[in-house]
There are 2 protein chains.
Amino acid sequence: MQKSIAQFYTQETPILIAVDCVIFGYQEGQLNILLIKRNFEPGLGQWSLMGGFLQGNETLDWAAKRILHQLTGLDNVYLEQLHAYSEVARDKAARVVSVAYYALIDIATSNEQLTKTQEAAWFSINNIPKLIFDHREMCDKAWKRLQRKSLSQPIGFELLPTKFTIPQLQQLYEAIHNENLDKRNFRKNILLSGLITKLEEKNKEGSKKGAFLYVFNTEKYAALTESGTSIQFK
Amino acid sequence: MQKSIAQFYTQETPILIAVDCVIFGYQEGQLNILLIKRNFEPGLGQWSLMGGFLQGNETLDWAAKRILHQLTGLDNVYLEQLHAYSEVARDKAARVVSVAYYALIDIATSNEQLTKTQEAAWFSINNIPKLIFDHREMCDKAWKRLQRKSLSQPIGFELLPTKFTIPQLQQLYEAIHNENLDKRNFRKNILLSGLITKLEEKNKEGSKKGAFLYVFNTEKYAALTESGTSIQFK
DNA sequence: TTTATTAAGTGTAAAAAATACATTTAATAA
DNA sequence: TTATTAAATGTATTTTTTACACTTAATAAA
């Protein structure tokens, strides 16, 4: 049973704790983040990350899930804690420490729910509007983290539909890392790893010829992780 | 001017914020962490990380610095935020979210102040006693972070005296990564990078022959960072 | 039905990086 | 003078990374 805050830690300053989410989505070769136009003070009318306050009965991870679900209607989304921001005057309305998270979602599965409750819009990571507080800093840090993590863990796939083509996967990595990759080397490496499995279907959106669809191979990844083999995506 | 918490965010739950420090030190081929025996409730008499509460007028970074100074007497120490821990019942005395930091210090420069205020002791990273709350989790995460960061940034040097020998540096990396390194390859790589500068002095503690002392080359590192060259320690 | 168009798909050679490995040297102590 | 000990040194092999150009499948246009 949890005792009252005053039990042992008297005289300590209670400070509000917020959670803000950098939500990444990928579409048409662009890495995007989802922003909302604030309909409340402070910062009414300005662009910001989706956020909320940590409740007494939830962990930070749960709060991030709740906040993400509120905006996108999605569950079972990749979410990772990023960093705690604590400048004393970061939020002029109160002393608020914000713990930033980043999420990776497949834009296609989320667009229905979006903008029902709040005015929300996707922005290219290369063209982020002015954001309130330290939210820009959060976005920059989240992008760097995504760049680093996507090299050694299969988190990029969270941004794609279950079935994807190799050119799509390559374009995604090019968007994440903001660089061009050689298509022969990219294909060679990813196939050699055994981490994606070819289907008999083709996707013909991108060309007349069409490109074969693949799925991520969860078992193979588990086996490699288990055996301690270090993995190199890209 | 900061307004009262009630200004806009009414009805939000105030939660205490703590800062806990995983303090690394290196001595005699061992990577160690500094622990205190708690002289207060809850957990009186148990081993724990050094910690404290975030005050209303300080950032998390400042709080971590303050806490570290309290125990070691040191300033200008390498400190980095690690992760926020928020299990609802992690601290039975109250709802406390703890933001963990890790610090790297040169043991030699800190030993005077130590244990004056609190009972504190160094433990090998391979032999950590039972810790309160989730402090063991914090230590494990901090070690992993140190392993990763020490490969691409010169943070290992924070654990050594200003002047060090190449065998000492190698031993340090071996302790951090818990693996043996080839001394010819290690020496070759670190010298080739230009990141350490040879002195005319020798350190004769380790052998009759003595090993030449080196210092970290801050300018060279700045130049490489500036030019965007990716750096590989070890 | 032929031809043009377009992105998908394919292999090899060269360069760079990482690894494995054994002997000599400098200083002190016996 | 000799023995001892850790420091210092270079090369060959393997592995990984990079650079690079033509063919193929399908559709649309002539």
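- Computed from coordinates, the Lys234(A) NZ to dT16(D) P distance equals 17 Å when rounded to whole Å.
- The base of dT24(D) sits within donor-acceptor range of the side chain of Lys209(A), with an N or O pair under 3.5 Å.
- No side-chain heavy atom of Leu195(B) sits less than 4.5 Å from a side-chain heavy atom of Pro154(B).
- Taking atom CG of Leu192(A) as the reference point, atom P of dT17(D) lies 11 Å away to the nearest angstrom.
- dA14(C) is paired with dT17(D) under the Watson-Crick or G-U wobble criterion, all donor-acceptor distances under 3.5 Å.
- Residue whose closest nucleotide on DNA chain C sits further toward the 5' end, between Gly210(A) and Asn185(A): Gly210(A).
- Between Val99(A) and Gln81(A), the closest side-chain pair of non-hydrogen atoms falls below 4.5 Å.
- Nucleic acid contact class of Lys188(A) (heavy atoms, under 4.0 Å, all strands): base.
- Asn189(B) comes within contact range of no nucleotide atom at all, as no heavy-atom separation falls under 4.0 Å.
- Judged by distance alone, the side chain of Tyr26(A) and the main-chain N or O of Leu160(A) form no donor-acceptor pair under 3.5 Å.
- Of the options Phe216(B), Tyr214(B), Phe233(B), Phe164(B), a side chain to side chain contact (heavy atoms under 4.5 Å, CB included) to Leu169(B) is made by Phe164(B) and by none of the others.
- Where DNA chain C meets chain B (any atom under 4.0 Å from a heavy atom), the bounding nucleotides read 5' to 3' are dA18(C) to dT28(C).
- A straight line from CD of Glu200(A) to C1' of dA25(D) spans 15 Å, rounded to a whole angstrom.
- Across the protein-nucleic acid pair, Leu169(B) atom CG and dA8(D) atom C1' stand 16 Å apart, rounded to whole Å.
- Backbone-only contact: Gln232(B) has heavy atoms under 4.0 Å from sugar-phosphate atoms and none from a base.
- Counting only heavy atoms from C-beta outward, the side chains of Leu82(A) and Tyr101(A) never approach each other to under 4.5 Å.
- Rounded to whole Å, the distance from CZ on Phe186(B) to P on dA8(D) is 12 Å.
- At least one test fails for Lys234(A) against the ring of Tyr173(A): distance under 6.0 Å to the centre or angle within 45° of the axis.
- Using a cutoff of 4.0 Å between basic side-chain nitrogens and carboxylate oxygens, Asp140(A) and Arg136(A) are scored as salt-bridged.
- Within 4.0 Å (heavy atoms only), Lys183(B) reaches at least one base atom of the nucleic acid.
- Between Lys202(A) and Asp182(A), it is Asp182(A) whose nearest contact on DNA chain D lies nearer the 5' terminus.
- Between the side chain of Arg184(A) and the base of dA21(D) there is at least one donor-acceptor pair of N/O atoms closer than 3.5 Å.
- In terms of phosphate contacts, Arg187(B) brings a side-chain nitrogen or oxygen within less than 4.0 Å of OP1 or OP2 of dA8(D).
- The distance from atom CD of Glu205(A) to atom P of dT27(D) is 14 Å, rounded to the nearest whole Å.
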